[in-house]
Visitor: 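Next up is a structure, given as structure tokens.
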Amino acid sequence: MTTGPSHLAQMMPPTMMDGVLLGDGIDSAAAWTATKALLERDVTPADFAAWLQPLELVRHEGTELILSVPTTFMQDWVQKHYREKLAEAWLAVSGQTVIVNFDVAPAWRPEELVKAVKPKNENKNESGQSADWLAGNPLDPRYTFASFVTGQSNQFAFAAAQRVADEMGAFNPFFLHGGVGLGKTHLMQAIGWSLKAKRPGVRIQYLSAEQFLYTFIRAIREKNTLGFKELFRNVDVLMIDDIQFIAGKEATQEEFFHTFNSLVAAGKQVILTADKSPHELANIEDRLRSRLGSGLAVEVHAPEVETRQAILEQKAAAMGLDLPHDVTTLLATNIASNVRELEGALNRLGAFAKLTGQPLTIAFAKEQLRDLLRVQVRVVGVEDIQKQVAEYFKIRVADMHAPRRDRAVARPRQVAMYLCKQLTTRSYPDIGRAFGGRDHTTVMHACQQIQNLLERDPQLVEHVNLLQQMLTAR
Ligand code: ADP
Ligand code: MG
């Protein structure tokens with residue numbers, strides 16, 4: 001490899017380069033470890049595993065402590081329930097008062113960075129290679145092709161990724177883009193696993209762009225740019241995740257560009273992900289942009305409701321969680337934009353189910369996820385539902401209130417009642433009144449009946465899903 005840090009990079013003051021301030025990493029890391037250990041004794045093991053274990057220290061700057069959480073709603077939860085505890089524990093171990101803030105991002109691991117740039121000799125073997133650096137960032141064993149659920153939204157990306165795994169270099173670079181939590185990292189790592197299975201000994205380096213950035217800055221700061229280059233010298237496949245992160249960071253872009261070019265020139269496979277396509281990425285130098293788009297760029301779209309349902313079913317099965325159909329539907333219809341959140345909701349339900357030992361019910365799920373579902377639950381009213389359902393089944397809204405009992409209107413009416421129970425906070429008697437003064441037992445019966453039918457009538461599932469989606473779409 002002939003890449004080196006750019007002149008620009010060399011001229012910049014190391015601690016402030018690219019706008020990133022490196023704090024006192026080692027002490028902060030130690031304090032964070034101690035803080036976690038303290039908290040582990042303070043809360044139940046299940047709570048610790050569910051909410052505190054996943055937190056990672058991003059940085060400690062002055063009086064601010066920034067922790068990363070894997071999902072936004074975990075952020076909400078942890079913020080509500082553990083923010084003060086975290087600050088107290090930090091104070092107890094370090095004597096410093098801090099304000100705890102959260103960042104929803106895949107965590108970069110300071111200890112890996114330290115490992116990656118610190119050792120000048122101890123990581124090297126006889127031939128001067130530093131193979132264990134390359135093992136520093138393992139692929140997640142859960143992210144395989146087999147565990148990836150496909151549907152219309154991601155079929156093409158899936159097929160292209162498989163092709164890359166079958167024929168290295170077919171598309172170089174291979175560029176996956178799309179919104180947050182849609183499976184880009186999963187697919188990228190799946191390529192890695194597949195390659196490993198087919199070609200034992202293949203050397204894969206997986207890094208987030210943040211890691212690339214921080215490692216690079218750290219290398220400059222510690223005057224170990226050689227060590228940085230070592231990271232890439234012996235790889236066959238380089239994967240960099242979320243490269244939008246280096247947008248606007250000129251020195252890092254420059255370095256990335258060199259690394260990238262020399263790898264491609266040497267016939268190595270480069271795989272990248274970003275939140276946008278190469279030509280939509282802002283603040284990326286044109287030269288780099290056109291290089292990024294010179295292989296194959298594929299978009300991963302948000303999964304449609306059937307795929308979300310299938311993902312939930314697969315994940316629940318993998319967790320050994322018995323997820324009733326109506327709960328699956330509730331999650332699949334209400335959490336539409338992001339698989340990571342879907343998964344997070346599931347994890348939370350799993351944690352609670354384990355804690356209480358009780359079977360999951362729709363009421364329980366609604367209660368435990370109400371911060372997540374509330375927005376939609378509030379905005380839909382009984383009248384909206386009656387109107388939408390009537391329109392959908394091509395009956396008159398008046399039939400919702402009328403005493404008619406023939407199936408053509410009775411079933412849609414039951415669906416409407418069911419949806420009222422699902423999507424609003426109205427009680428059975430309340431709903432009965434809104435449907436022409438019916439008794440609350442009629443409403444309960446309707447909900448039960450629809451619930452039963454949903455277990456065995458896929459067409460009804462589709463109707464109900466669609467209706468929920470139309471009603472809750474914002
Ligand atoms: P991104 O990198 O696009 O932000 P990730 O790859 O991290 O998203 O995916 C978020 C989570 O959702 C991961 O746990 C991943 O396994 C899961 N996931 C996303 N899409 C799928 C899918 N199609 N099938 C199974 N799991 C998925
Ligand atoms: Mg990702």
Side-chain angles (χ1 to χ4, degrees), residues 50 54 56 58 68-75 103-109 137-162 164-165 174-194 206-213 239-247 271-277 280-281 297-319 321 323 328 331-332 335-351 372:
E56 300 213 31
V58 177
S68 76
V69 282
T71 64
T72 42
F73 73 84
M74 243 198 87
Q75 173 185 30
D103 213 2
V104 181
W108 61 282
R109 297 166 191 280
N137 213 354
L139 301 176
D140 188 320
R142 291 169 306 172
Y143 294 166
T144 62
F145 283 134
S147 67
F148 193 83
V149 177
T150 57
Q152 221 177 345
S153 54
N154 55 27
Q155 234 155 24
F156 186 60
F158 183 78
Q162 281 189 314
V164 173
F174 180 53
F175 192 106
L176 282 163
H177 61 97
V180 152
L182 299 185
K184 301 183 297 292
T185 299
H186 187 137
L187 271 183
M188 171 142 105
Q189 297 206 359
I191 298 174
W193 285 116
S194 175
Y206 169 84
L207 281 175
S208 70
E210 285 158 295
Q211 276 176 306
F212 187 91
L213 169 71
M239 302 179 174
I240 299 198
D241 212 351
D242 292 317
I243 61 153
Q244 72 275 3
F245 196 78
I246 64 167
I271 307 175
L272 307 164
T273 73
D275 63 350
K276 298 200 179 65
S277 71
E280 289 165 330
L281 277 175
V298 179
E299 181 166 3
V300 187
H301 299 274
E304 49 303 323
V305 66
E306 297 82 4
T307 312
R308 298 201 294 273
Q309 195 116 12
I311 290 171
L312 284 166
E313 279 159 13
Q314 189 233 53
K315 306 251 173 201
M319 290 165 66
L321 179 68
L323 197 67
T328 315
L331 299 190
I335 307 172
S337 60
N338 184 328
V339 181
R340 199 176 295 163
E341 293 202 342
L342 218 50
E343 221 176 25
L346 205 53
N347 284 348
R348 208 197 274 178
L349 289 182
L372 201 63

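Count residues from 1 along the sequence. Ligands are counted one by one from 1 in listed order, and the atoms in each one are counted from 1 as well.
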Visitor: Looking at Ser153, is its backbone amide N or carbonyl O close enough to the side chain of Glu304 to form a donor-acceptor pair, meaning the two atoms are under 3.5 Å apart?
Guide: yes
Visitor: For Phe148, give me all partners under ring-ring contact (aromatic ring centres under 6.0 Å, His included), at least two apart in sequence or on another chain.
Guide: Phe158, His186
Visitor: Quick check: does Thr185 put an N/O/S atom under 2.8 Å from the Mg ion (ligand 2)?
Guide: yes
Visitor: So, Thr273 side chain and Asp242 main chain: donor-acceptor pair closer than 3.5 Å or not?
Guide: yes
Visitor: Show me the short polar-atom pairs for ligand 1: any N or O of it lying under 3.5 Å from a protein N or O, with distances only.
Guide:
unit_1, atom_1, unit_2, atom_2, d
ligand 1, 2 (O), Thr185, N, 2.9
ligand 1, 2 (O), Thr185, OG1, 2.8
ligand 1, 3 (O), Leu182, N, 3.1
ligand 1, 3 (O), Gly183, N, 3.1
ligand 1, 3 (O), Lys184, N, 2.8
ligand 1, 3 (O), Lys184, NZ, 2.8
ligand 1, 4 (O), Gly181, N, 2.7
ligand 1, 4 (O), Arg340, NH2, 2.5
ligand 1, 6 (O), Lys184, N, 3.4
ligand 1, 6 (O), Thr185, N, 3.1
ligand 1, 6 (O), His186, N, 2.8
ligand 1, 7 (O), Arg340, NH2, 3.1
ligand 1, 8 (O), Leu182, N, 3.4
ligand 1, 8 (O), Gly183, N, 3.0
ligand 1, 8 (O), Arg340, NH2, 3.4
ligand 1, 14 (O), Tyr143, OH, 3.4
ligand 1, 14 (O), Glu343, OE1, 2.5
ligand 1, 14 (O), Glu343, OE2, 3.0
ligand 1, 16 (O), His186, ND1, 2.6
ligand 1, 16 (O), Lys315, NZ, 3.2
ligand 1, 23 (N), Val149, O, 2.7
ligand 1, 23 (N), Asn154, ND2, 3.3
ligand 1, 24 (N), Val149, N, 2.8
ligand 1, 26 (N), Lys315, NZ, 2.9

Visitor: Looking at every non-hydrogen atom in both residues, tell me the closest pair between Arg142 and Asp140 and how far apart they are.
Guide: NH2-OD2, 2.6 Å
Visitor: Name all residues meeting the side-chain hydrogen bond (donor to acceptor under 3.5 Å, both in side chains) criterion together with Gln309; count only those two or more places apart in sequence or in a different chain, and write none if there are none.
Guide: Thr329, Asn465
Visitor: Test of understanding: with side chain to side chain contact (heavy atoms under 4.5 Å, CB included), list the residues that count as partners of Ala302, not counting sequence neighbours.
Guide: Leu182
